Structures are given as C-alpha cells and as structure tokens.
Protein chains: 4
Amino acid sequence: MTINKQHDILSVALKLFAERGYDGTTIPMIAKKAKVGTGTLYHYFKSKESLVNFLFQSCIEKFSEVMQKDFPYSTTDVPEQFRHVFFQMVKFTKIDIHALLFIDSHVNQYYLNEQSNKVFNDFLNVLRELLDKGIVQGVIVNLPSDALIAIVYGAFVRLYKIIEAGELEESEEIINGVEECCWNAIRI
Amino acid sequence: MTINKQHDILSVALKLFAERGYDGTTIPMIAKKAKVGTGTLYHYFKSKESLVNFLFQSCIEKFSEVMQKDFPYSTTDVPEQFRHVFFQMVKFTKIDIHALLFIDSHVNQYYLNEQSNKVFNDFLNVLRELLDKGIVQGVIVNLPSDALIAIVYGAFVRLYKIIEAGELEESEEIINGVEECCWNAIRI
Amino acid sequence: MTINKQHDILSVALKLFAERGYDGTTIPMIAKKAKVGTGTLYHYFKSKESLVNFLFQSCIEKFSEVMQKDFPYSTTDVPEQFRHVFFQMVKFTKIDIHALLFIDSHVNQYYLNEQSNKVFNDFLNVLRELLDKGIVQGVIVNLPSDALIAIVYGAFVRLYKIIEAGELEESEEIINGVEECCWNAIRI
Amino acid sequence: MTINKQHDILSVALKLFAERGYDGTTIPMIAKKAKVGTGTLYHYFKSKESLVNFLFQSCIEKFSEVMQKDFPYSTTDVPEQFRHVFFQMVKFTKIDIHALLFIDSHVNQYYLNEQSNKVFNDFLNVLRELLDKGIVQGVIVNLPSDALIAIVYGAFVRLYKIIEAGELEESEEIINGVEECCWNAIRI
DNA sequence: CATGAATGAGACTTCATTCAT
DNA sequence: AATGAATGAAGTCTCATTCAT
C-alpha cells in the first residue's frame, strides 16, 4: 500500500487526462489504476471537475515555480534570461512530462473554472513581461508577446509530444539545438 | 432545408470536435446543431468513431492538397519552397481554421484507426522530404526533420489557437512576421 | 425482378420470424432479404404487427386446409382419421416447414390480435372434436383432448425442429415410426 | 430490501424471457420488475447476452441435477428408469416452470454462445444414453434416440405450456396419464 | 478513512414508420 | 407502386456520484 492515496490519484489522473483527455478519462479508470475504490476518490475531490481544476492549477503552479527558480534577476541580459527559462522548462518536463502535456491540452476548456483560467493567465504574464522587456531592449522581434509565446511554447510542447509518442528520442544535442532554433525565431 | 445534410453534419462535427474534443462532443449535440435527427447521422456514418476517422482523413487530404497547390517544383530554392508551404498553410487555415485545430487535437488518439494514422504519416513525409532536402543543401539546421516540423508546425498551430480564442487578432503583418520567425528558427 | 413482391415479403418474413422470432426480426432485415425498399413493405402491410398477424392467420388457414383435405368423412374409424390427419401434417410441413415452426413459436404471443387467437382456437377445435370422438368410442385414452393434442402436436413439432436444425435426417421410415409412436401414445 | 439482488434479477429475467422471448424483453423491463436500477443489472452481468447465457446454462444444470437425482442405477429396468426421469422432470417443472419454458424457447438461438450449446448437448447425451440402452434391450422402439427424445420431451413441454397458459389444469391424474402415454409412445 | 454496490441520467445506436420523390 | 432518406422514440450500456457498511 502506498502512503499517500491522494498522491496516487493525482498522478494517475494527470497521466490519463494527458493521454486521453478529460472526457475520455473516467473515474473508474482513474480509481482502478490508482488502486483505490471509486468512493475514495470522492473523499479527496468533490467531483471530477474539481479534480481536473485542482490538477490544472497545481501543474501551473509547479511549472511557474520551476521556471522562476534561480532566475537571473541580477542581469538584464534577455537572451540569458530566455535561455534560463527555456532550460527550466526542459527540467520541468523531465520531471513530469505528463504535466506539460496535460496543461497544453486542457487550457481554455469548458470544464475549467475562473480560478484555473486566472492562474494560467498570471503564468503567461510572467512570460509576456520577459518578452516585452526584450522587445523594448530591441533584442526580440517586435511582434505581440502572445504571438511570440505561441511560437516558442508551441514549438516546445510539440517537440515533447513527439518525444512522448516515441517518434523522436530525446538527447541533449537535440534540446540544445531546439533552444537555439527557438531563440533564433524571436531574436532580432 | 439544406441541400446536403451530410455536409452540415460534417461541418458541425468538425467544429465541435475541434472545440470540445471527441469525447466531449455527443451525437445529440451534433445532430441538434446540424438540425437533423440523431438517426440521420447514422445513415451517413456507421458510428461516431467512423465519423471522426472520416473527418480526420478528409481534413488531412484537403490540407495536403492545399499545401501542395502550385508548389514551386521548378526551383530548388528551399527557402522559397518553405515560404510557399507556410503561406498555403495560412490559406488553408483561413478557409477552415477548425480543420487545423481538429487535426492538431486528434492526432494519435485512441479512436483513430490505422488508415487515419497512415494518412497522417504520409502527410508528414511530404514535409520531412522538403526539410531533409534543405538540410542536405546546408540551408536548414541539421536536426531531425521531425523536430523541425514540430517547431514550425507547433508554432503555427498554437498561433492560430490563440487567434481562434480571441486572444490575438490576425493581421497580415503578424502572419508575415511569424513566417519570418519560423524560417529564422530553422535556417542556418 | 419477381412478379409478386407481396409474396416475396411474406415468404421472407415467415422464414425470419420462424428462425429469430418476431422481436428478433427487423423490418430492414425483411426488406433487404426480400429485395424491396422498407417503404414498399408498408404498401402491403399497415405495420409490423399487422404483418405478423396476417402471416399467422394465413398459415393457420393453410394448415387447416391441408389437414382437412380428403378427410375420410365416410368412415367412423378414428385410427384411420388420425392417420390421415398426421400424414396431412407431414405433407404441410414438407411444403413449408417454416410455417409450422412459425405457428409454433408465435402462438399466444403478446403481439397477436384477437382474430389471430380466434383463428387458432377454431383450428384446435377441429382436432379436439376428432379426439373427443375417439374417446367416446373408447379407442383413445380418456384424458382432456387438449392434453392429447399437446402430446401429439408437441411431439410432431419438436421432431421437425430437430430435422430443421439438421440434427436428424428426415426419412419415410422415421416419419412412419413416429406416426406409430404418436398413435400408440394416445390409443387405448 | 431484498437480501440478494442478483437472485431477483435472475428470477425476473427468467420469467420474462420465458414469456416474451429474449428480444421481446428489455433491460428496463427486467430492472423495473426486479426493483433495481438498470445500472445495477450491469454490475452482475456484462451484457444482456451474457445474462441470457448465464441463465440458460444454470437452468440446464439445475434441470440435469434434478433429473439425475436418486436415479435408480442399481436396476437395469429401463421402464423404471424412464418413469423416474419423467417424474423428476415433473418435479423440476413444479419448482420452476419458467425454467422449463425458458430452456425450450431459447435452445439453438443466435444469441447463445458455444458454451451454452455445449452444456445443452451434454444434457441431451444423458437422455440419449438411457434411450439407447432401452433400444438395445429391445424394450424401446428402434428409432434414432433424438427422435424419441423429441417425442417425449416435445409432448412434455407442450403439456406444460398449455398448463401455464391456463388452458389445462394440472392434476396428478393427468400427469400420470401423460406419463403412461409417453411411455406407450416409445415402448415396443 | 475506505470501499464498491447501487443508481439514473444520459451516452451511443437501432428501428418502426413516414413521406417526398 | 416503389423507394430509401429522415426521424425520434426506445433500446443497450456507461459513468459520475452517493451511501451503507
């Protein structure tokens, strides 16, 4: 038996939601894989919706934390800061790729509540600020920061989707290459 | 009455699948929006699964057609060819953004059959060839072509996701800028 | 094309009802096997129920006709009359075994109307009279005629069920033997 | 509340299947009569088909058990053994007439699986052996044992069908009379 | 806390029947 | 007369949720 059933439920649910989507994942599926009774699930979460929202918010939170860990506030060198953020994203993904894919496929869905949407938007703001600073400094192309995020984040997520699907094997070389690509995409 | 009920069903289903996912979309939902009886749907498609597979394959087919339309075979200039493909993708998306988002969110899902997966893979091969040619010519960075596709396609799709979500307004300026970004990402 | 669609519908329906029962047989099944459109069926019969009732009544009628054909009214010899009826039943079954099995499995069912039930009861009365006469004459055992009919008719139908199922091959020898058995069962 | 919902479901389903046939009986019908939710039915049985197969096999099993209970193995007197089997069938029918009628109307139907067919065939073999022994001893008429079973079993079932339909009142006298008829039918 | 039997709303699907052609 | 597309009621089955143990 595991010490923490809640933890088991969360990690199983995250994986299943990431793989099959919210509606394609059933409570019995989660319960069975987490080796708990279906009723147990309802001791920890009021409903399926509250579970998905809890997961979403805590994933964003962890993602945000990792991304800001050891952030080089001291410097004003945007390329260095971009580099830092990128490799922290890599680090986060290595810890829990399902969290990345879960976030990606659940953003803006009809079952997310206001709080989830707010948390996600706050998270985006951190990135927006970084990029806007680069635009002002003239080191990043002058496009709406949301578009720039879409480019970098879109590329990043899709890369890990094909890695997770087994269509590409992860290697330091490739990751470094992709980082360069992403920076080249948006730098002036 | 509409001339073609099958067409109505397909276009409604495409939109709903793109917005809510396969499992989040119900047959009654589709039927109601398409203004047909639920039974009618089953005159045209054997099952919900056969509907989603039909849609998937025909979307890929259309996408593939548009992308290869007027392709500059005469030249060997990869940048020009890349540019062509990119703007054909833009054209396709303008015709039917739901098709783009539908494809993106349904690739590799458990309800797709072998034929759907094959059709999608064939489609990717066209892109792979183009990029591999560029790598050989030394004008595109030497990374696995799947990674390069992920970068460009991932960026592209995510851009249109936020446009569709109303978080960014489409403009020729932005699209041109993004095209430049994408090319800069992968060129040497 | 067949001359008579109604005939095709009836013969297909009879066979299917006999094999799969009323509820296990669908209108599309019948239409397809009879090579007509489903709508065509409704030109000949008001509803599925009216079709099954029509079939039931016409089967009983034919059965009754055959059984009374060349009936030896001149004699009062019950054994001879019994023999006649038995072999007329054999003759009827040889013409259309499905009719026999259809009648057997549809008697007394909830979808039969009053008229069908009446027709069947009238048919039984003919048999009852014959057996009652034999009882009065002291050549048939003194049991309720319905019980005697159940014995003979039950034996007869079940015999042809296993013949139809391919578990027994019909032969004159066996039929003669069974006739003897049936007579021995009820004679004094 | 009842102690055993599964038992309630089974007994209600047996009765309804016997009366209306498999396709004429719906899951909501069964659930309502058994006073359970429709979903409950699916906790006990995977599908309607698995329910009917389970019922079929357990009915045959019970029937077989009752028929072989206290079988006079010590004697080689076939008439006595026949008599025993017949009255054990009567006993079984008195316990659960629906089981008898259910078996009769569901044999060989398209929804029965291989196991069900096998169980039924094994059951028939017991009867075949008994009759074959009688034929060898020269006390039973020389006809294929399947034909003899058809005669006796067909007569027996049909008798109880009309009793169940209220067209004949059961009495010891009649049952004894019918037993004599059945024996007379097949003895030499 | 933990469970899983129980439930009924609602999912997918079928089918008797109608009707425009 | 003949058709089959169209329909919605009703069938089988699933699933989020509750609750007695």
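The sequence lines fix the lettering, A, B, ..., with proteins before strands; numbering per chain opens at 1. All values derive from a computational prediction rather than experimental measurement.
- Across the interface with DNA chain E, nearest-nucleotide mapping of D:Gly37 and C:Asp23 shows D:Gly37 to be the residue nearer the 5′ end.
- If you take CD of B:Gln6 and P of F:dA6, they are 10 Å apart, rounded to a whole angstrom.
- The separation between B:Lys32 atom NZ and E:dA11 atom C1' is 16 Å, rounded to whole Å.
- Looking at D:Thr38, its side chain never comes within 3.5 Å of a backbone N or O of D:Ala31 through a donor-acceptor pair.
- With F:dG4, F:dT7, F:dT14 as the candidates, the nucleotide lying closest to the side chain of C:Thr38 is F:dG4.
- Between the side chain of B:Asn121 and the main chain of B:Asn117, no donor-acceptor pair closer than 3.5 Å is present.
- Inter-residue side-chain proximity for A:Val52 and A:Phe102 is flagged as met; some heavy-atom pair is nearer than 4.5 Å.
- Across the protein-nucleic acid pair, D:Lys35 atom NZ and E:dG8 atom P stand 14 Å apart, rounded to whole Å.
- In this structure, of E:dA2, F:dT7, E:dC15, it is F:dT7 that holds the atom nearest to the side chain of B:Thr40.
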Worked verdict on D:Asn53 versus D:Ser50 for side chain to side chain donor-acceptor pair (under 3.5 Å): CA-CA 5 Å; D:Asn53 277 282; D:Ser50 90; over 6 Å; no

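- For D:Tyr44, the side-chain atoms get nearest to E:dA6 when compared with the rest of E:dA6, F:dA16, E:dT13.
- Across all strands, D:Thr25 comes closer than 4.0 Å only to sugar-phosphate atoms, never to a base (heavy-atom distances).
- By the salt bridge (Lys or Arg N to Asp or Glu O under 4.0 Å) test, B:Lys48 is found to be paired with no residue, residues two or more places apart in sequence or in another chain being considered.
- Distance from the side chain of C:Tyr42 is smallest for E:dT18 among the nucleotides E:dT18, E:dT13, F:dT17.
- Comment: B:Asp104 engages B:Lys161 in a salt bridge, judged by a side-chain N to carboxylate O separation of less than 4.0 angstrom.
- Nearest-nucleotide mapping onto DNA chain E: of B:Gly39 and A:Val36, the residue sitting toward the 5' end is A:Val36.
- Here the C1' atom of nucleotide F:dT14 and the NZ atom of D:Lys48 are 17 Å apart, to the nearest Å.
- Not a single donor-acceptor pair under 3.5 Å links the side chain of A:Ser116 to the backbone N or O of A:Gln57.
- Helical stems involving DNA chain E, defined as 3 or more consecutive Watson-Crick or G-U pairs under 3.5 Å, span E:2-21 with F:2-21.
- To the nearest angstrom, P of F:dC15 lies 17 Å from CG of D:Leu41.
- Put simply, CG on D:Asp8 is 10 Å from P on E:dA6, counting in whole angstrom units.
- Per the geometry, OH belonging to B:Tyr22 stands 8 Å off P belonging to E:dC12, to the nearest Å.
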Evaluate the criterion salt bridge (charged side-chain N to carboxylate O under 4.0 Å, His left out) for residue pair D:Lys62 and D:Asp96; output intermediate values, then yes/no. CA-CA 10 Å; D:Lys62 271 182 228 157; D:Asp96 196 348; 5.3 Å; no

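- Counting atom types as modelled, C:His43 pairs no side-chain N or O with a base atom of F:dA1 as donor and acceptor under 3.5 Å.
- Side-chain proximity of B:Ile27 to the nucleotides E:dT13, F:dC15, F:dA6 is greatest for E:dT13.
- Regarding A:Lys46, its NZ atom lies at a distance of 13 Å from the C1' atom of F:dT18, rounded to whole Å.
- For B:Pro28, the side-chain atoms get nearest to E:dC12 when compared with the rest of F:dA6, E:dC12, F:dC15.
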